[in-house]
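See structure below.
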Amino acid sequence: MKTYWLKLALVIFVATAAILFTQSVPAQSAPKEKIAIVVSTLNNPWFVVLGETAKARALELGYDATIFDSQNDTAKEAANFENLIASGCKAIIFNPTDANGSIANVQKAKAAGIPVFCIDREINSTNAATAQMLSDSYSGCVKLGEYFVEEVGETGKYVELLGIVGDNNTWNRSKGFHSVVDRYPGLKMVAQQSAEFDRAKGLEVLESILQKNPDINAVFCGNDAMAMGAYQALVAAGKDKQVKVFGFDGADDVVKLIAEGKIAATGMQFPKKMARQAAEFADKYLHGKRDFPQKIPVAVELVTQENVGKYGDYGRKH
Amino acid sequence: MKRAVIAVITLGLLAGFFRFVPLFHLVPLRQMQKQEAQAEFTATNYATTFWDEKLQKSLDRAADASKVLSALTADPQKARTQFGRTLGVSSSTLFFLRGTGRVVSVTKKGVVLALKDGDGTADILLPTGLQFGNTVRDGTGLLDASAFPNSQNFNNLSTELNRIVETTVLPQLREQAKVGAKISFAGCAEVDEDDAGMKPLKVIPVSVKLESP
C-alpha cells in the first residue's frame, strides 16, 4: 500500500514538474516572415500615411514589416529591391517611382519568387506585379474638371502644376482634367509646369509664374502637396482670395483648408484603404491565394466645400 | 605587335557586339512625338472597332431599365448585385440598361423620358451635352482594365468612346426628341451609393431609336 502511494506521489510530482517546466521555458517561436513596403518618397505626408498604414496592417497580420524610402529615385529604389530580395523578404508592397523605370525591379523580385503588390502608382506591365491597386486618377480629375468649370466658369485663365513627368498618375490626372476643361475654349491655360509633386517646388514654380501672369483665376495642381505650395504662393502675393486652387489626393491639410473655404476642391484617393488592402493581399498570397486581378481601380471622390464634412483622416468619415 | 593585334581584334569584336546589342538608343524627339501621336490614333481605332464590333452587337445584354429603376428604389444593394457591377473599390455601381419611353421634356441637360412601364413621371435623363468620364467604357463590362498595360491608353479609350457618343448618338437624339415622341434607348449609368433611387436616372445613350407612336 505504501509503495502504491509512493508511486502515485512520484507520478504527480513528475507530471507537475513537467507542466511547470514547459510553462517556465518560453516557446521558441518561429521568426516572423518579412514584408517590405517600398514607397516612392517619404517627403510627402500622403505617402507616409500610405506606407505607415500598410506597415501597421502587415504587423497586425503577424508579419515583420519595414518601410523603405526610394526618395523618388529609381536607382535608390533598385538598391532597396536588391537589399530586400537578399534579406529573404516574402512579399513587397510597392509604390513605384516610375511607370517604366520600376518594371525591372518588380521583375527581379518576381524572378526571386517574391510577389509584388503595387499601390497608388502603376507600372506599365501586366505580367510583372502580382496585382496593382491604383487610384482612378483619370476619373477623379474628370470630376475635378467638371467642378472647375462650375466654379471658375467657362472663361478665365489658369495654371497647371504637373507632378513627376515619368509617372502615369501625372498624365492620367492631367488628361482627365483636360478632357473636360479643353472643351471650353474660353478657359485658357497660361502656364503648365512640373513641380514634381513637391510642396516647396509648387510654391517656387507658382511664384515664378505669377510674375508673368498676375491675372490668373485658378490653379489646378496634380497633387495636394503642390496645392499647398501654390496656396502659400498666392497668400504671399495677396491673391489667395481671387485665385481658386484645386488639388488632388485628399491630404488632411488640404481637406481642412477646403472646410475653411481657402482651397476649392480636391480628389480623395483613400490611401489607407489601398494600403490595408495591399497588406491583406500579400497575406492571402502567402497563404496560397494566386488568382488576383492584375489592376484594381480605386475610385476617387470629389471633395468640395459642399460635402467636405463627409471627409477627413484620408478617407470618408464613418 | 602581337598585343596590338589582340587589342584591335578585341575592339572589333566589342564594336560588332554593341552594333547588335547597343548600350543605349538615341531617338529623335520628333520620332517620339510621332509615336505618341500614333498611340492616340490607336485609341481612336480601338474605340471604333470596339463600338462597331462589340458594343453595338451586345445591346441585348443590357438590363431592362424599368426593372433596374424599381430595384434601385426598393433595395439599392440588391439592385447592384442583380443588375450592376462595381469596378475595383468604389462606392458607385455601373449599369448597362435599355428601355423604351415617352419624352416628357427636353431641357438644357438633356431629354427626359417616362418609361412605358413607369408611372408617367420622369424616369430617365438622356444627356445631350458634352460627355466626360469612364461610364461608357466601364458600364458595359465588355472591357477589362487588366488588358491594358498602360492606364493612359485605357483612359484615352474613354475620351474616344465619349467622342463617338457625341458625334453619332447625340445628334440623332436631339433630332428625335420632341415631347410625346416614343424613343428606345440603350446606355450606361453610374449610380453613387448616396444617390441610389434618385430619379431621373442619368443614362449616357449608346443607341437611340425613334419608335412609331
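Interface remark: A:Asn100 contributes no atoms to any contact with chain B (heavy atom separation under 4.5 Å). Neither the backbone nor the side chain of A:Gln132 comes within less than 4.5 Å of any heavy atom of chain B. The contact between A:Ser139 and chain B is made by backbone and side chain atoms together, counting heavy-atom distances below 4.5 Å. When heavy atoms are compared at a cutoff of 4.5 Å, B:Glu166 approaches chain A solely by way of its side chain, counted from C-beta outward. Looking at B:Phe148, the atoms closer than 4.5 Å to chain A (heavy atoms on both sides) all sit in the backbone: N, CA, C or O.
Heavy atoms of other residues, nucleotides or ligands lying less than 6.0 angstrom from NZ of B:Lys209 number 12 at most. Counting heavy atoms of neighbouring residues, nucleotides and ligands inside a 6.0 Å radius, atom NZ of B:Lys178 exceeds 12 of them. Within a 6.0 Å radius of NZ in A:Lys310, other residues, nucleotides and ligands contribute more than 12 heavy atoms.
Between chain B and the residues A:Val298, A:Ile296, A:Val180, the largest count of heavy-atom pairs under 4.5 Å involves A:Val180. Annotation: maximal heavy-atom pairing with chain A below 4.5 Å, among B:Ser158, B:Ser92, B:Gly133, occurs at B:Gly133. Taking A:Glu122, A:Gln294, A:Lys273 one by one and counting their heavy-atom pairs under 4.5 Å with chain B, the maximum is reached by A:Glu122. Heavy-atom pairs under 4.5 Å with chain B were tallied for A:Asn127, A:Asn169, A:Leu134, A:Asn172; the largest tally goes to A:Asn172. Chain B forms the most heavy-atom pairs under 4.5 Å with one residue out of A:Lys143, A:Met133, A:Arg183, and that residue is A:Arg183.
Going from atom CG of A:Asp136 over to atom CG of B:Asp138 covers 7.5 Å, rounded to the nearest 0.5 Å. Between atom OH of residue A:Tyr138 and atom CG of residue B:Leu157 there is a gap of 9.5 Å, rounded to the nearest 0.5 Å. Atom OH in A:Tyr184 sits 5.0 Å away from atom CG in B:Leu130 (nearest 0.5 Å). With rounding to the nearest 0.5 Å, the separation of NZ in A:Lys295 from OG in B:Ser151 is 5.5 Å. The line from CG of B:Asn150 to CD1 of A:Ile123 is 11.5 Å long, rounded to the nearest 0.5 Å. Between the CZ atom in A:Phe270 and the OG atom in B:Ser90 there is a gap of 9.0 Å [rounded to 0.5 Å].
Contact annotation: the side chain of A:Lys175 never approaches that of B:Asn155 to less than 4.5 Å [non-hydrogen atoms, C-beta and beyond].
Using a cutoff of 4.0 Å between basic side-chain nitrogens and carboxylate oxygens, B:Glu193 and A:Arg316 are scored as salt-bridged.
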